[in-house]
Amino acid sequence: MTSESTLLQLKLDHAVPALASASRRAWARPDADRFREFLAVCHMATRATVPLLEFAVAECRARPAADEVAARLVPFYLAQIEEERGHDAAVLDDFAVAGGDPSALLRRVPRPEIAALVGAQYYWVRHSHPVALVGHVAVLEGYPPPPAVLERIRLATGLPAACFRTLAAHAELDRHHRKELAEVLDSLPLDDRCRSLVGVAALHAVQMLVASVDRLARLDTLQERTGTHE
Amino acid sequence: MSEHHGQDPLGRLRRAGIPVDQMLEPQRQVLASLTEEEVEMLISLRHRLDEATPDVVAHSEWAGGVVW
């Protein structure tokens, strides 16, 4: 019998090429403005990580006692909160080292693609089942930046190595996290509805990331400022 | 009520250009069990891939978008 994590991976195998293609376009000609904007978008996403997990824990605890999936998700989401706490601050630090203005970033209206990425989770976690977040995390932790790509961007942009710190750390951490997530997913007694929800949530995450990365690829460095130091 | 499974997921994926006939049976079974929503999303992402221009030299693959 195929494990739940393998089922999910098989679905993602057919979705992720679109994201890889968008990433290739975005990073074909790296420049400092584009990398700063990428860090800005990362911050827009990571600032929602802990609040979203906390929301999911609350929703799990509000489910009926017989909901074994929700009960098994609580310790996993609680552990994620402790591991992810502070990552948004780290991204903001990297953004500042890259020449970005953190206070300007915090004043920006977050991108609709990121609002749709994160906002959909609030909807599904509340109005369907908190297991949706597993699909979301599987995508966001599933494809960390290869060190060789980060190095190529660093050399092309001339930016300090310190502003790649958080991304480089994720390249290591996410390998471990992917294994943990697969173990948790495989332990869940999913019915067809929950299995489909995890798949839909994961594919939605890919769609929104494609939209976000496509926009990065089209970035006009004269028009989209991230509050860089002049 | 079971999850909504649309008509002929494999046929629809095949028509969208996903090479289902070249896949191993376990993979085909997974795709055959997709819900309507999942089929729609995969087809949409396939179209996105097909619309992309192939003029970019492939570097080390990074399929990610943002960090978690």
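Note that the coordinates shown come from a computational prediction; the quantities given were computed from them, not determined experimentally. Per chain, numbering begins at 1; letters A, B, ... match sequence-line order.
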Practice problem: For residues B:Met41 and A:Val200, report the shortest heavy-atom separation together with the two atoms involved. | Solution: CE-O, 3.2 Å

Quiz item: Which bit of A:Arg29 is near chain B, if near means a heavy-atom gap under 4.5 Å: side chain, backbone, both or neither?
Solution: neither

Quiz item: Under a 4.5 Å heavy-atom cut-off, does chain B meet the side chain of A:Val213, its backbone, both or neither?
Solution: side chain

Quiz item: Given a strict heavy-atom distance threshold of 4.5 Å, which part of A:Ile153 is in contact with chain B: side chain, backbone, both, or neither?
Solution: side chain

Quiz prompt | Shortest non-hydrogen separation from B:Leu49 to A:Ser21 and the atoms involved | solution = CD1-CB, 3.6 Å

Exercise. Report yes if some heavy atom in the side chain of A:Ser196 is under 4.5 Å from a heavy atom in the side chain of B:Glu37; otherwise report no.
Key: no

Exercise. Please step through side chain to side chain contact (heavy atoms under 4.5 Å, CB included) for the pair B:Trp68 and A:Gln80, ending with a clear verdict.
Key: CA-CA 10 Å; B:Trp68 167 241; A:Gln80 283 270 309; 2.7 Å; yes

Quiz item: Considering only heavy atoms, which portion of A:His14 lies under 4.5 Å from any heavy atom of chain B: side chain, backbone, both, or neither?
Solution: both

Quiz item: Do A:Lys11 and B:Glu38 have side chains that get closer than 4.5 Å, going by heavy atoms?
Solution: yes

Practice problem: Check each atom of A:Asp191 against the heavy atoms of chain B and say whether the ones under 4.5 Å are side chain, backbone, both or neither. | Solution: neither

Quiz item: Between A:Leu7, A:Asp174, A:Val206, A:Leu140, which shows the greatest number of heavy-atom pairs under 4.5 Å with chain B?
Solution: A:Leu140

Quiz item: How close do A:Ala18 and B:Arg48 get, heavy atom to heavy atom, and via which atoms?
Solution: CB-CB, 4.4 Å

Quiz prompt | Most chain B-contacting option - heavy-atom pairs closer than 4.5 Å, from A:Leu52, A:Leu39, A:Asp214, A:Leu173 | solution = A:Asp214

Practice problem: Let me know if A:His204 has heavy atoms under 4.5 Å from chain B in its side chain, its backbone, both or neither. | Solution: both

Self-check item: Region of A:Leu53 in contact with chain B, defined by heavy-atom distances below 4.5 Å
Solution: side chain

Self-check item: Heavy-atom pair count under 4.5 Å with chain B, highest-scoring of A:Thr46, A:Asp13, A:Ile114, A:Leu167
Solution: A:Thr46

Practice problem: Give me the contact list for residues 23-31 of chain B versus chain A, heavy atoms only, anything under 4.5 Å, ordered by residue number. | Solution: B:Met23, B:Gln27, B:Val30, B:Leu31

Exercise. Name the region of A:Gln207, side chain, backbone, both or neither, that has any atom closer than 4.5 Å to a heavy atom of chain B.
Key: both

Quiz prompt | Residue, of A:Ala15, A:Gly142, A:Ala45, A:Ala48, that accumulates the most heavy atom pairs under 4.5 Å with chain B | solution = A:Ala15

